[in-house]
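What follows is a short report on a single structure.
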Amino acid sequence: MSLEKYFKKRKKGKTPEPFEISKTGKEIFVVQEHHASHLHWDFRLSFKEKGNWVLKSWAIPKIPPQKPGIKRLAAQVEDHPYSYKDFEGTIPEGEYGAGEVFIWDKGRYKKIRWEEDLIEVELFGKKLKGKYILVRPKANFPKKSWLFFKSKDK
Ligand code: MN
């Protein structure tokens, strides 16, 4: 994935969302509470790809789990620009994702495993702390559907 999809869905000047591309960055995560037509939480992990820093992104329809034992569906969405990590504001009516966006949590992360169907990270946020797993089950799921949960091991 690249940022092409992100740029296609949004009109510069119509939405306050960022459009800058970042050549530098660090390993961070952000969760944005997004009051769109359906309330959801966007979980994003920074990742360096072809020289650019982007945010790998998943939309989670329920509040992200702070304890092990709760699994959430996480629908992968288009990569977002790295600069999106600081975005809070209102996407106007009629634009893609219209509604208010707040930062729910953010912090550094440490990569433990990063594979095609399995991402394991340690999160250092205020609400999300510890090891988290994103996994794309092979059976019974469309390609974009992942599961997101807090790992049991310390
Ligand atoms: Mn969203």
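Read the numbers this way: they start at 1 and go in the same order the structure lists the ligands and their atoms.
Counting just the N/O/S atoms of Asp42, the one with the shortest distance to the Mn ion (ligand 1) is named OD2. With respect to the Mn ion (ligand 1), His34 has ND1 as its nearest N, O or S atom. No other N/O/S atom of His40 lies as close to the Mn ion (ligand 1) as NE2 does.
Counting only distance, with no hydrogens or angles, the side chain of Tyr96 and the backbone of Ile91 share no donor-acceptor pair below 3.5 Å.
Atom NZ of Lys9 has more than 12 heavy atoms from other residues, nucleotides or ligands within 6.0 Å.
The one candidate from Trp146, Phe148, Tyr132 that meets the ring pair (Phe, Tyr, Trp, His ring centres under 6.0 Å) condition with Phe43 is Phe148.
Relative to the six-membered ring of Tyr82, Lys85 meets both conditions, a distance below 6.0 Å and an angle of at most 45° to the axis.
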